[in-house]
Number of protein chains: 2
Amino acid sequence: MFSTLFQTLKEKIALSEEAHAKLPQFFEHKTLAKKEFLLQEGAYCKQLAFVSKGLLKSYTIDEKGQEHISLLAWEGWWVSDFKSFICDEKAILFIDAVEASEVLLITHENYELMLKEIPEMERYFRILYQNSLVTKDRRLISSNSYTAEEKYKHLLELYPFIGKQVPQNLIASFLGITPETLSRIKKTML
Amino acid sequence: MFSTLFQTLKEKIALSEEAHAKLPQFFEHKTLAKKEFLLQEGAYCKQLAFVSKGLLKSYTIDEKGQEHISLLAWEGWWVSDFKSFICDEKAILFIDAVEASEVLLITHENYELMLKEIPEMERYFRILYQNSLVTKDRRLISSNSYTAEEKYKHLLELYPFIGKQVPQNLIASFLGITPETLSRIKKTML
DNA sequence: GCTGTGCATTGATATAGATCAAGAGTCTTA
DNA sequence: TAAGACTCTTGATCTATATCAATGCACAGC
């Protein structure tokens with residue numbers, strides 16, 4: 001149940017035996033059916049989720065009812081409305097399962113506790129956030145400077161498998177373009 | 001010279017006397033004239049910079065020669081091409097001073113050393129990155145979902161003073177719109 | 001196996017914002 | 001203080017992408 005988590009941690013830090021043994025107690029396991037919500041806008045995001053299996057998406061919904069995906073979270077990713085999770089504010093994000101998934105949940109109190117008791121985790125999250133920051137920066141540049149086609153190509157370079165695993169309309173939403181535009185782009189790229 | 005840095009740190013963590021005394025040795029002070037570069041694309045970003053005075057901007061330049069600002073870094077902000085700084089890759093960002101500024105520079109080796117020797121700093125950067133991640137996330141949502149006018153209003157809410165301190169064309173570039181469009185938006189908003 | 005619901009494609013049209021261009025205002029610096 | 005160099009504004013187009021609409025396809029549930 002925790003193997004994906006340990007696997008993922010190992011890529012960035014070395015965990016002591018002790019830390020290894022301590023870690024699970026902070027988390028709670030949960031199974032999500034396809035389309036099941038982990039969080040809805042307006043709620044308080046009580047937990048940070050680690051995706052141990054499947055695929056989740058986090059998104060906002062605008063006044064016109066349109067979905068805007070901010071994150072596609074695969075196995076090994078963390079997902080949450082961080083602002084809400086950290087600052088105890090109302091969430092602006094929805095989070096749900098794109099396909100049947102499994103997550104490990106940690107509450108804010110447990111998160112802080114874990115960081116204190118296992119200094120390796122403090123380090124892990126500093127590195128994780130540091131890397132995420134880089135990724136988000138590049139995405140922001142892409143989003144502000146590129147044409148729709150360039151954005152799509154850029155995405156394919158980063159995640160070559162994305163076309164196979166994720167429906168077109170979700171990819172379009174993630175890129176901030178319409179499914180129609182993405183469909184037309186794909187046609188010209190053949 | 002370090003007062004802005006200590007001030008900034010104090011907002012997130014408590015520094016021990018010892019840490020307080022140790023910290024300065026990791027940094028190097030530098031004065032930047034207006035328009036002076038801290039980093040240019042293609043170079044290796046050897047340092048992370050803390051802005052102790054003034055205003056810097058980080059940006060990319062596309063094939064058409066157009067500037068796309070990814071960050072406006074005021075007093076109290078950190079700026080660098082993180083990907084380059086962390087992974088020792090060639091930088092894709094330019095960083096220069098919008099106005100005469102002062103920065104504290106730390107090399108990658110010193111950064112890692114500092115994080116090891118002063119655990120409070122490990123915590124500081126984890127919190128800093130965590131918060132930045134939230135900010136970037138919102139900016140990404142804004143960038144993908146909002147109209148030019150909404151983006152501008154959103155920016156004014158976050159940084160009400162930005163209009164006074166930063167030239168229009170830089171704000172436009174930061175928002176990913178043209179100066180002309182921003183000018184027209186301002187007219188309709190009066 | 002049939003039926004409905006959601007996803008992808010394609011076409012026609014609309015539109016936000018870019019681009020191009022010119023002029024006025026305002027800093028800089030020599 | 002004068003000259004040049006930016007910066008902002010305004011107007012006239014142009015274009016990438018959204019929107020609206022219709023059809024075909026595929027998979028999930030009965």
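Letters A, B, ... are given to chains in the order of the sequence lines, protein chains preceding strands, and every chain is numbered from 1.
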Is [Y] paired with [X] through a side-chain N to carboxylate O contact shorter than 4.0 Å?
X        : Y        : answer
B:Glu157 : B:Lys153 : no
B:Lys34  : B:Glu99  : no
A:Glu122 : A:Arg126 : no

Give every pair of a protein N or O atom and an N or O atom of nucleotides 4-9 of chain C that lie under 3.5 Å apart, one pair per line with the distance.
residue : atom : partner  : partner atom : Å
C:dA8   : OP1  : A:Gln168 : N            : 2.8
C:dA8   : OP2  : A:Asn169 : N            : 3.2
C:dA8   : OP2  : A:Asn169 : ND2          : 3.4
C:dT9   : OP2  : A:Ser183 : OG           : 3.2
C:dT9   : O5'  : A:Ser183 : OG           : 3.4

>> Of the options D:dA18, C:dG17, C:dT19, whose atoms approach the side-chain atoms of A:Thr181 most closely?
In response: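 For the A:Thr181 side chain, the nearest candidate turns out to be D:dA18.
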Euclidean distance, atom [atom1] of residue [X] to atom [atom2] of [N] [Å, nearest integer]:
X        : N      : atom1 : atom2 : answer
A:Ile185 : D:dA18 : CD1   : P     : 8 Å
B:Ile171 : D:dC8  : CD1   : C1'   : 12 Å
B:Tyr146 : C:dG17 : OH    : P     : 14 Å

>> Closer than 3.5 angstrom, by distance alone: can the side chain of B:Ser70 be matched with the main-chain N or O of B:Ser58 as a donor-acceptor pair?
In response: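 Confirmed, B:Ser70 side chain pairs with B:Ser58 backbone.
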> Which comes earlier along DNA chain C counting from the 5' end, the contact point of B:Ile177 or that of B:Lys34, where each point is its nearest nucleotide?
Replying inline: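 The residue closer to the strand's 5' end, by nearest nucleotide, is B:Ile177.
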> Between B:Phe94 and B:Phe37, what is the ring plane arrangement, given parallel below 30°, perpendicular above 60°, and tilted in between?
Replying inline: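 Rings of B:Phe94 and B:Phe37: tilted, 30 to 60°.
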> Just to confirm, is there a sub-4.0 Å distance from OP1 or OP2 of C:dG17 to any side-chain nitrogen or oxygen of B:Thr178?
Replying inline: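 It does not, given that no N or O in the side chain of B:Thr178 lies less than 4.0 Å from OP1 or OP2 of C:dG17.
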> Would you say B:Glu112 and B:Glu109 make side-chain contact, with heavy atoms under 4.5 Å?
Replying inline: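 A side-chain contact under 4.5 Å is absent here.
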